[in-house]
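So you know, we letter chains A, B, ... as the sequences are listed, proteins then strands, and number each from 1.
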Amino acid sequence: MFLINCPYCGERDQQEFKAGGEAHIERPKQPTELSDDEWAEYLFMRKNIKGVQFERWNHAHGCRKWFNMVRDTSNDEIKAIYKMGEKPPSQ
Amino acid sequence: MTKNLRVKSSEYIDETNRISFKFNGKTYHGFKGDTLASALLANDVHLVGRSFKYHRPRGIMTSGSEEPNAIVQVNPGTNRTEPNVRATEVEIYEGLEASSQNCWPSVEFDIGGINNFLSPFFPAGFYYKTFMWPASFWEKYEFFIRHSAGLGKSPTTTDPDIYDHRNVHCDVLVVGAGISGIMAAKNAAKNNFKTLLVEEKNELGGSTIYENNEFNKIDNKAPSEWLKKEIEELKNIKNLEIKTRTSVAAYHQYNYLLARENLTDHLEAKDKTNKIRQRLLKIRAKKVILATGALERPLIFNNNDRPGIMLSSAIKKYSEFYGVACGSKNVFFTNNDSAYESAISLYNKGINVEAIIDIREQSESKIVKKVKEAGIKIYWSHSIVDTTGYKRLNSISIMKLSNDGTSVTGSKISISCDCLGVAGGWTPAVHLYTQSGSKLKFDEEKKVFLPNHNTSEQISVGSCGGDFKIDEIIKNLNQKLKDTLNINETDLDSIKVEIDQENSKRNIWLLPSDKPIGKTKPFVDYQNDATAKDIKLALREGFRSIEHVKRYTTTGMGTDQGKLGNMHALGIIADTAGVKMGELGTTTFRPPYTPLTFGTIVGRNVGKFFDVFRRTPMNDWHVENKAEFENVGQWKRAWYYPINGETMHQAVQRESKAARESAGILDASTLGKIDIQGSDASEFLNRVYTNAWSKLAIGKCRYGLMLNEDGMVYDDGVTTRLGENHYIMTTTTGGAANVLGKLEDYLQTEWPELDVYLTSVTDHYATTSLCGPNSKKILKKIIPDLDLSDENFPHMSFKESKIGNIQCRIMRISFTGEHSYEINVQASYGKDLWQKCIEAGKEFNITPYGTETMHLLRAEKGFIIVGQDTDGTMTPIDLQMDWIVSKKKYDFIGKRSLYRSDTMREDRKQLVGLLTDDPNIVLEEGAQIVSELNQSPVEMLGHVTSSYFSPNLKKSIALAVVRGGKDMMGKKLFVPMENKNINVTVANPVFYDEKNERLNA
Ligand SMILES: [Zn+2]
């Protein structure tokens, strides 16, 4: 059970949060222009890294805000948390 | 005849408080302070159970939570019964009853014991090899296995006890109250850290509290005397909380630990009532100090599992702490000095020790000399090659070990004995440490896994950290405390320790016998009956990974998770495969460290509180009118309203007819409702629904279909435009929370530029749906001033009005195909409105209907239910709902996916109607559909998703998804069932009123 520091509410138990998969995958602005392969790349392809991973999280049972998290999946160390739209910290 | 083996009195046993208890139906006596194990041993009872696979007689092996054998059923046949309890952890009380497990008809005569003689036929992987074929027989095998094995019995009646959960926050959590834990907690608390010390046993002090060895001194005192003084001082320390009978079950990341505090298990029945039995502590600690100690290892030799064979350290504890002699003719078998300490302990209490068998060449420590002086015979370089005694050990045979330790030589010596203490060295209890995610390293010299890489703020102190000698423990503990607590001085700085402990040890994982390995029974995992032979067989059969060997042989997979034998299993694998133990790695220790009751896990969340449930404002009316309820998500929804003993079918047929012929009323309050506001609300709806929303006039309603980005139908519902920048969206009952979450996700992460605000108002409104040709007349009675003409209030439009003083929102929308209205009022007026409708509808025989009738009516119209007729693989095109997918809109969620090669396939499963050739046969939902009967294997074309007998059409109707079904209109297909094949014809899914004439009826 992590303790997650919601950028809007502060530190809360993991139970209040929902994980939302890989971060920084932007929805294509012009989906109709994309080939099947390009669309599939956006739609289906997600990294599953052992190590430092950029993820989306949602404070689902709190402020309902989405934010980004940098987490080391090998030991669950949370390295950084930042708001949507903010630049990811350099590694 | 029972013997009393109580020796000199112990300060931990209250001999003035005599307690009677029953074991396997027989009454015994013990004293306050005894465990079930110590009390049984005092009555000379060693045989307490049968092993799992071979049903071999087994006795008490240990004195703690690592016990693999003495597993009992406590209070059998009562509502407080609990299986798989370790006799070594049960504190006795007046009236306690316990019984053996794994034995039928009794522990003395056990039918399953025949497996022992058949054991050549029960090799490793026996279950996998035998019971997996033919697969259809598994059920029968399973019955046999479960019946004959019997892992205890679950209670069959309601648990009478109360359980609790508590959140605990502390600066320092110390796990284990041995010498290290006590000194760590004391110094942390003294330095103003809010400290919690937990100990699984009732008493503090660990093994040091009965350490009276004359050769070890702390500040010139016996270690036990010194520690008692320290414990006494704990009482006066602020910031320190001590919880005994509290066992840490799990250690998660971020120093989050779960511990079970046992509050009443040691009390008599009369004192248990109205008290919390067990409490789950959810602990968040800034720093964790693990002082979990070490577990003594047994030695692995032929027939090493007989009742009377125990850990040497356990024999010492029973003698020193409980004042119990485990045998009258004791022998020890060892590879290190620990057994000598146990032997001296017995000797000092006047208990007979016959001999010590030591696999080492020699040892020169003072304690060994003392044993020699006491006249106890020591056999150096000898090993036990066999033991005898079926229900109780009666002799051992020993032989001289070869220099390399792989064989025995010379002549066999037989020694008569009734108790054998085995000492194979010590294994640090690193279970919790590894659960936290921290990593171990194998110390090839000490032959132990030691903490190596900590992943949270934690330290391991004392023997769980690899320090076994008191001087090392004190010195390293001192340094670790200073480092982790960032303090300059501790109470440990001035402590003087004198010791005589030698670490000399000869490690042989599997001791040889004069018989070949195939003819011996050296048990590695006592609880699961895995022998060294099984492990070797697994390796011969090609298993290499320790995790695979573990599963194949079931080593370490019992309720004790192989706390005693795991190291030996690893050692034997390493030796056999010719690799270093460090290279093998260790298996994963998983929570819980010791089993937890379900009560502890669920706490107060039992019965009604197990899960939350939601009721609509009209619920009381439904209850008063005898509705049957169904669960929809967390909602309790009225399912149907039987009258005069109707069956569900009869009630639903009646309700369905009434709704079409006159008037029906449905509680639709559970539908999800999302209030959408903002200057970009229309644009937002354009993006999330498949159809166009910009041109929807204020006061109009529209049905919308929502897709996932993969093009599959996600949810549906009617959305109404209340104002220029204001909409109210309805969602399915079950999908409400997910839809809101999904919409928020897009708004916050993809389209933050949109000015849109979402608010869930599901609970704020109560919704009454009036339907049927007389619904208009009923509404007119309730709101006489509202113009209900089709011109003023047409289908798919909205009016804001008042019923008396109550503000209401009325949508003229229909999920049944009939003329109908959905009336929304503030939730608190919901029941009032409902009753007004019922009252006004009386002259029209208004009929309340539930979800089942709602489903039937919409199926007659071919309206889908997301989640019933769809399953996350259906596109709107598959549903033949092309009409709702805008061709003009540039983009919406899921649009691009509708043009993927896979979603454009013609042979996808598509929604169709099915009519049975015999109109009286109702298909089963989920039934498979095929086009051929006399073919094997036959292709499954699809399945039935909704099926009812329609009272309005007087025939059976069904919706189904069928591969390429769109082009099969009129085609004959088959639904093969167990006893018959049902002939069906593919039909238009709209069965009733295809031209929608009834909407304006
Ligand atoms: Zn928050």
*Got more than 12 heavy atoms from elsewhere within 6.0 Å of CG, A:Asn48?*
no
*For atom NZ of A:Lys47, is the number of surrounding heavy atoms from other residues, nucleotides or ligands below 6.0 Å larger than 12?*
no
*Under 3.5 Å donor-acceptor, B:Asp891 side chain and A:Thr32 backbone*: no
*Between B:Tyr890 and A:Glu33, what is the shortest heavy-atom contact and its length?*
OH-OE2, 3.7 Å
*Go through the atoms of A:Leu43 and report whether side chain, backbone, both or neither lie under 4.5 Å from a heavy atom of chain B.*
side chain
*Determine the option with the most heavy-atom pairs under 4.5 angstrom with chain A, choosing from B:Glu750, B:Lys439, B:Glu709.*
B:Glu709
_Under 4.5 Å from any heavy atom of chain B - which part of A:Trp66_ = both
_Is A:Ser35 close to chain B through its backbone or its side chain, or both, or neither, when contacts mean heavy atoms under 4.5 Å?_
backbone
*Would you say the side-chain atoms of B:Gln748 pair up with the backbone N or O of A:Arg64, donor to acceptor, closer than 3.5 Å?*
yes
*Inspect the surroundings of CD in A:Glu11 and state if more than 12 heavy atoms from other residues, nucleotides or ligands are less than 6.0 Å away.*
yes
*Can you establish whether the number of heavy atoms outside B:Phe610 located under 6.0 Å from its atom CZ is more than 12?*
no
*asked:* Using 0.5 Å steps for rounding, measure from the OG1 atom of B:Thr749 to the CD1 atom of A:Ile25.
replied: 11.0 Å
*Just how far is it from atom CZ of B:Arg900 to atom CG of A:Asp37, taken to the nearest 0.5 Å?*
10.0 Å
_Which residues share a salt bridge (charged side-chain N to carboxylate O under 4.0 Å, His left out) with A:Lys50, sequence neighbours left out_ = none
*Using a cut-off of under 4.5 Å for heavy-atom pairs, which of A:Lys18, A:Arg56, A:Gln14, A:Glu77 has the most such pairs with chain B?*
A:Arg56
*A:Ile4 versus chain B, heavy atoms under 4.5 Å apart: side chain, backbone, both or neither?*
neither
*Just give me the residue among A:Ile78, A:Asp76, A:Asn75 that pairs up with chain B most often, heavy atom to heavy atom, under 4.5 Å.*
A:Asp76
*asked:* Apply side chain to side chain contact (heavy atoms under 4.5 Å, CB included) to residues A:Met1 and B:Arg284 and explain how you reach the verdict.
replied: CA-CA 10 Å; A:Met1 288 290 181; B:Arg284 289 274 185 193; 3.7 Å; yes
*Proximity of residues 246-256 of chain B to chain A, residues having a non-hydrogen atom under 4.5 angstrom*: B:His252, B:Gln253, B:Tyr254, B:Tyr256
_Is B:Tyr746 in contact with chain A via its backbone, its side chain, both, or neither, using a 4.5 Å heavy-atom distance?_
side chain
*Decide if atom CZ of B:Phe609 counts as having more than 12 heavy atoms of other residues, nucleotides or ligands within a radius under 6.0 Å.*
no
_Proximal component of A:Met84, with respect to chain B [non-hydrogen, under 4.5 Å]_ = side chain
*asked:* Less than 4.5 Å to any heavy atom of chain A: does that hold for the side chain of B:Ser897, its backbone, both, or neither?
replied: both
*Selection from A:Asp13, A:Leu3, A:Asn58 maximising heavy-atom pairs under 4.5 Å formed with chain B*: A:Leu3
*Passes side chain to side chain contact (heavy atoms under 4.5 Å, CB included), B:Arg896 versus A:Tyr42? Steps please.*
CA-CA 11 Å; B:Arg896 176 61 186 83; A:Tyr42 158 71; over 6 Å; no
*Side chain, backbone, both or neither: which part of B:Asp710 has a heavy atom under 4.5 Å from chain A?*
both
